[in-house]
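Worksheet: the structure to be examined is printed underneath.
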There are 2 protein chains.
Amino acid sequence: MTKQKTKFVILGLLTIEPMSGYDIKKMIGETIGHFWSESNGQLYPALIQLVNDRLIVLEEKQKKGKKESHLYAITDLGREALETWLGEDIEGKNIQRDEELLKLFFGKNASPSTTVQLLQKREKRVKEKLDQFLLIQKELATLTTSPHHLYWSLSLKNGIYRAQAELRWCQESIQAIKKG
Amino acid sequence: MTKQKTKFVILGLLTIEPMSGYDIKKMIGETIGHFWSESNGQLYPALIQLVNDRLIVLEEKQKKGKKESHLYAITDLGREALETWLGEDIEGKNIQRDEELLKLFFGKNASPSTTVQLLQKREKRVKEKLDQFLLIQKELATLTTSPHHLYWSLSLKNGIYRAQAELRWCQESIQAIKKG
DNA sequence: CTCAACATGTAACTCGTTACATGATTGG
DNA sequence: CCAATCATGTAACGAGTTACATGTTGAG
């Protein structure tokens, strides 16, 4: 019943290939960044714990000069733990807080132009995100051979659909406030 | 640069009408529940602080027998603080974590049926939510006179659009995994 | 009588970020 | 030489939930 998912993120990414903590951090940004993030303060302690629990092992510890690079790999025990977690039901409603929607909801207390600006900024942000997603989608299309491909493209598509819905909503909402 | 938004939620809701802490909690669930939540551990201390800061006042403290009911109202200072916050830019990217998408992304490590089940549960949940939203939308349609109406209906519509996009994605993804 | 809803509050806890410390390597 | 990126880690803080304590009121 641990709520912290950091360990599973690490285990999951290490099924792709052995990596260092630094690599994991970067890879999070490049792959699951649109619905997940981890900070160093979570990541590095989790790596140490996973080694203690024998779910991952430190394969190589390179020292070129004094620069360290720790290469971690998932163990069979780790794969087991990951699979167990993948089969578990998600628990509890965790409401996604959205400060902008909160401000919009209280829009009566601000000038319409303030709220319009709020929405225009959201629109711009979402647009940029959508463009990024579409670019990544193109790159992904060249990697159809990977066994990960289907799952990666589906999770990306989720971001795309959301962004499109959000964009449409922003545009309609801006119009509605300008009229009303 | 406070990150805690609880105070603004309280201020915002008190612009509708004076309320008790209990009322605020309930109202959160009934209005902004699809993108916001507050726990008692945040709410009650925040109310006390807001009184200290003169942003709200305790209008009535009813004691029928020993049952207490505190009725709070927003002050002019409170309205000012709210308006200031409404005009401020949102800061920092807070990535919305989504455990189900995380599991999907790591789908290669599970059986397709496990992942399909995951998505079917999501689909069911989203469907129920969408139905709720559509019901609320009908109720809202009867309150067109309120100055809040436009903003409330737009924030609700955001939930509806998202849910629809999510639903479509769930259905397509389930099909894609079943085929692939 | 009992259960659910009303009503307020607090202590302990976990989660997660921020900001820092430390140092190496590489490209302009 | 300097900035960016590589690379690992920790301490302190703040946000937020959970679980509890306490008691009332009204419906069945």
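A, B, ... follow the sequence lines: proteins, then strands. Residue 1 opens every chain.
The phosphate of C:dC6 has OP1 or OP2 within less than 4.0 Å of a side-chain N or O from B:Tyr22. Listed pair B:Arg97 / C:dG16 meets the phosphate criterion, a side-chain N or O lying under 4.0 Å from OP1 or OP2. For the OP1/OP2 pair of C:dT18 and a distance below 4.0 Å, the side-chain nitrogens and oxygens of B:Lys3 include at least one atom meeting the criterion.
Nearest nucleotide to the side chain of A:Ser20, out of D:dA7, D:dA15, D:dT10: D:dA7. Of all nucleotides listed (C:dG16, D:dG9, D:dC6), C:dG16 comes nearest to the side chain of A:Ser39. Distances from the side chain of B:Lys26 to the nucleotides C:dC6, C:dT17, C:dC15 place C:dC6 closest. Comparing D:dA15, D:dA7, D:dT10 by their nearest atom to the side chain of A:Pro45 picks out D:dT10.
Residues B:Lys25 and B:Glu38 are not paired through a salt bridge, judged by the lack of any N-O separation under 4.0 Å between the basic side chain and the carboxylate.
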- Item | salt bridge (Lys or Arg N to Asp or Glu O under 4.0 Å) assessment of A:Glu166 paired with A:Arg162 | CA-CA 6 Å; A:Glu166 194 69 57; A:Arg162 277 191 203 211; over 6 Å; no

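What separates CD1 of B:Ile95 from P of C:dT18 is a distance of 12 Å, to the nearest Å.
Between the side chains of A:Gln4 and A:Thr6, a donor-acceptor pair is found at a separation under 3.5 Å.
The two residues B:Ser155 and A:Phe105 make their nearest non-hydrogen contact at OG-CD1, 3.4 Å.
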